[in-house]
Structures are given as C-alpha cells and as structure tokens.
Amino acid sequence: MSLVSTRLLQPGRRPLSPGSRAGLGAALVLLAIVSAAEVADGLLAHYVALLAAVPFLAAAVASWPVVLGVGVAATLTGAGFALIEPKMSLVTSVSVVAVALATGLAVAVASVRQRQAERIVELTKLASVAQQAVLRPLGPQVGTLSVAGRYISSTARAEIGGDLYEAIDTPYGVRMIIGDVRGKGLDAVRLASIVLGSYRHVAYERADLRAVVADLDRAVARNVGDEDFVTAALVEERGGTLTIVNCGHPPPLLLRRGAVIPLEPPAPAPPLGFMPVVRPRVERLEPGDRLLLFTDGLGEARRDGEFFPTADRAWRLLGHGTVADGLASLETALIEWVHGRLDDDIALVLMEYVGARTGAAAAVPSWEVGAAES
C-alpha cells in the first residue's frame, strides 16, 4: 500500500479521478480482506488464490506501475502466508505462483488500456484543433442580431465530425449557414472547410440566396464522391425579414412569445451535392424573436429509445438570458438527458432579433434585390 501511495504522489503525475481512486481502493480493500481472513483462519493458507483478483481490480483503472506495485504486494502477502504454514502444501504453492502470473497479466492489460486511453486523448485533442481551425467563434453581435454558436462533441467515440456553421454581416443583411457533412474523420472536416470557405466568399457576392446555394452545390460536387453530400440551411435577416432556404437539413425553430414554430421549407430539396432546387421561406420577425439552427445530432439524441424533446423544451431552455445563456442551458439539459453519451456531434446556433436599425431601408428579400434595384 505504501508503494502505491508513493507512486501516486510522485511529482508530475496526474492525480487519479474519483472513479480511479475508488477502483484502486477496492483492490487494496480486497487485499486487506483476504489477509484478515487468512489470519483469522489460523496457520493453514486457504484463501491465497483469491489474491489473484487484486491486480486485476487495479488494472481496470490504474497505470501499469501502480498495478505492478499492487500485484507485488499481493504476491508477497500470499508468499508470507504460504511460508508460515507448518508444511507448505502443493495447492498453496500453486496459488502463490498463480498470483504472480496474474500480476504479470494484469500489468500487460493495464499497459494496453493505458496506451489506448492516451491515444483517445490525442485523437480528442486533434479533433478539437481541427474543429477550431474550421469553425470561428460567433457573436456576440452580428449586424442587428445577437448570435451565439456552440459545438457539442460526441462522447461515444473520438472521431472528428463535419458539422459547420457561420454568421456574417453582408451588404444583403446578416447571413448564416449551418450544415452537416455526411461521414466522419478528416475527410468530413476537409469538406466542411471547403463549404465554409466557399460560403464566406459567395455570401458577400450573391444577392440571391438561391445563387449562393448553387455555388455551394458546385463546390461540394467537385470535391466529393457519388454518395457524399452536405445538408445545409441558409438564413438571411434583412431589415426584419427572415429568409430561409433548406437543403435537406432539419428545419430551424422560431421561438416567439412562448411558442416554438418549426420553419419547414415550402418544398423539400436534396442536400448540397445533389443539385438542390430550393424555394425560400419568408417570415417577418418581431423584436425578441429567437431562431435556433441545429444539426441532426440534436434530433437523434435519445435515452432508452426516447428522443430528446427539443420542441417541447426549447422555449424554457432558450428563451431566457442571453443567446449564449440559452445554448448553455440547452447543452446542460441535453447531456443530462442522454447521461453524457451522444452518438453524434451537434452544432447549434441561436440568434435573437432585437429590431431593425433606425432609418433602415424597407426589407427586401434577397431574391428580389436585383429586381428592386433595376
């Protein structure tokens, strides 16, 4: 026990988590219980074989040096009980050897587990760096809108997702995009970066959101295979007029005076990469309206087969405080609902319309800009 404690207190070593401490404590408690049982049983060693479980308990949570220390302590304890027998039996001798072999096997198991854990940590760091390189922080103010974005990484696996979002203030109003690349890994991040790079350019150049969609579709088609695609929803706010085009993406949710309204498109359209022909949906915003954009990871989050009730709880979670506060509340409720286990990454964007600029021109939807100016 003193060896284990000394190793845990060495400088530069990370302290064990509460769960790891509990597992290591269980191994030491088992060692103490078996020792007490042997002492109470007299001079004959009947329980030495049980000490083989001690290093395996430690191997489930501890590093291999700690497992080695615990295993050596268990082996020496078993050998001590064997030596005080009046006449060492063959069964006792075999039991001591079995404890030593169990220690070696437990050390190997702990070493493999530790290497896998370190690899997952590195992959998680890589995923975080890759996502930060693609996604820029949003808000807190973009044009006349209060905007916040949040990326919730899946805890089910250390794969990198291809969820994306952006919000920019353009000559045609504040424009936002949220999208989800089919697949995982670096290829998904590469395609997400292509979509965002193209969007950040064409959103300033194209007056019509349908032209933006066409440009993004060509960019995706040039860089994917036949079965790859990107679902996306594009949103434009111009003088209080909200225009949405949807390419196979979950519809945004409009939060207004306690109600939650899914903004379904007038007609379905396929994702980017499949030449979508979109029809805009137009809404007139009221001061205080909030709009939630999200990827399908939110719609697929569930526990025991029951999906997270996004629409039912959206106003209570998202309608208070700042938009950043709302997203924080949604994430907390979601993680609690799924018990910390998500199957897919989730991108979230929440905006609030605070009212048109003083002296702003009358709202003209993006696809009518050219006609109005001619």
Side-chain angles (χ1 to χ4, degrees), residues 14-26 56-63 109-110 112-132 134-135 148-165 178-189 192 230-231 249-253 260 262 292-318 324-350:
R14 294 181 180 179
L16 293 177
S17 66
S20 296
R21 288 182 182 276
L24 183 57
F56 281 111
L57 276 177
V61 295
S63 62
V109 170
V112 172
R113 180 192 54 77
Q114 187 173 354
R115 284 199 301 270
Q116 291 178 338
E118 291 172 352
R119 184 171 180 269
I120 290 175
V121 169
E122 291 300 319
L123 287 175
T124 303
K125 289 180 180 178
L126 175 61
S128 177
V129 171
Q131 295 292 358
Q132 292 173 10
V134 172
L135 301 177
R150 206 170 189 91
Y151 195 100
I152 306 174
S153 296
S154 167
T155 57
R157 52 181 69 87
E159 292 180 312
I160 307 170
D163 295 21
L164 58 98
Y165 55 72
I178 190 162
D180 190 358
V181 177
R182 177 184 179 273
K184 294 283 186 180
L186 291 176
D187 286 341
V189 173
V230 181
T231 67
H249 199 78
L253 299 179
V260 179
L292 176 67
L293 310 175
F294 57 94
T295 54
D296 61 4
L298 178 61
E300 294 173 357
R302 59 186 178 272
R303 67 178 182 195
D304 301 328
E306 186 177 0
F307 291 96
F308 181 73
T310 304
D312 294 339
R313 302 181 65 179
W315 177 260
R316 184 172 51 179
L317 295 171
L318 300 171
D325 293 335
L327 288 186
S329 296
L330 176 59
E331 180 179 5
T332 299
L334 178 65
I335 297 302
E336 181 181 357
W337 177 272
V338 300
H339 303 304
R341 298 183 64 85
L342 290 168
D343 294 327
D344 195 6
D345 293 355
I346 301 172
L348 303 169
V349 176
L350 183 64

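Residues Leu342 and Ile152 form a side-chain contact, since some pair of their non-hydrogen atoms from C-beta on lies under 4.5 Å apart. Contact check for Phe294 versus Leu253: side-chain heavy atoms found under the 4.5 Å cut-off.
In terms of heavy atoms, Glu336 sits closest to Arg303 at O-NH1, 4.2 Å. The shortest non-hydrogen separation linking Ala192 to Gly162 is CB-O, 3.9 Å. Counting all heavy atoms, side chain and backbone alike, Val260 lies closest to Ala314 at CG2-CB, 3.9 Å. When all heavy atoms of Ala347 and Tyr165 are compared, the pair lying nearest together is CB-CD2, 3.8 Å.
One distance of note links OG1 of Thr295 with CG of Leu348; it measures 6.5 Å at 0.5 Å rounding. Rounding to the nearest 0.5 Å gives a distance of 7.5 Å between CG of Asp180 and CG of Leu164.
Judged by distance alone, the side chain of His249 and the main-chain N or O of Val230 form no donor-acceptor pair under 3.5 Å.
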Item to check | side chain to side chain contact (heavy atoms under 4.5 Å, CB included) evaluation trace for Leu327 with Leu292 | outcome: CA-CA 9 Å; Leu327 288 186; Leu292 176 67; 4.1 Å; yes
Item to check | Working for side chain to side chain contact (heavy atoms under 4.5 Å, CB included), residues Tyr151 and Leu135 | outcome: CA-CA 9 Å; Tyr151 195 100; Leu135 301 177; 3.4 Å; yes
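Within a 6.0 Å sphere centred on CD of Glu300, other residues, nucleotides and ligands contribute more than 12 heavy atoms.
With sequence neighbours left out, the side chain to side chain contact (heavy atoms under 4.5 Å, CB included) criterion links Phe308 to Leu298, Ala301, Thr310, Arg313, Leu317, Leu330, Ala333, Leu334, Trp337. The salt bridge (Lys or Arg N to Asp or Glu O under 4.0 Å) test applied to Arg113 returns no partner, not counting sequence neighbours.
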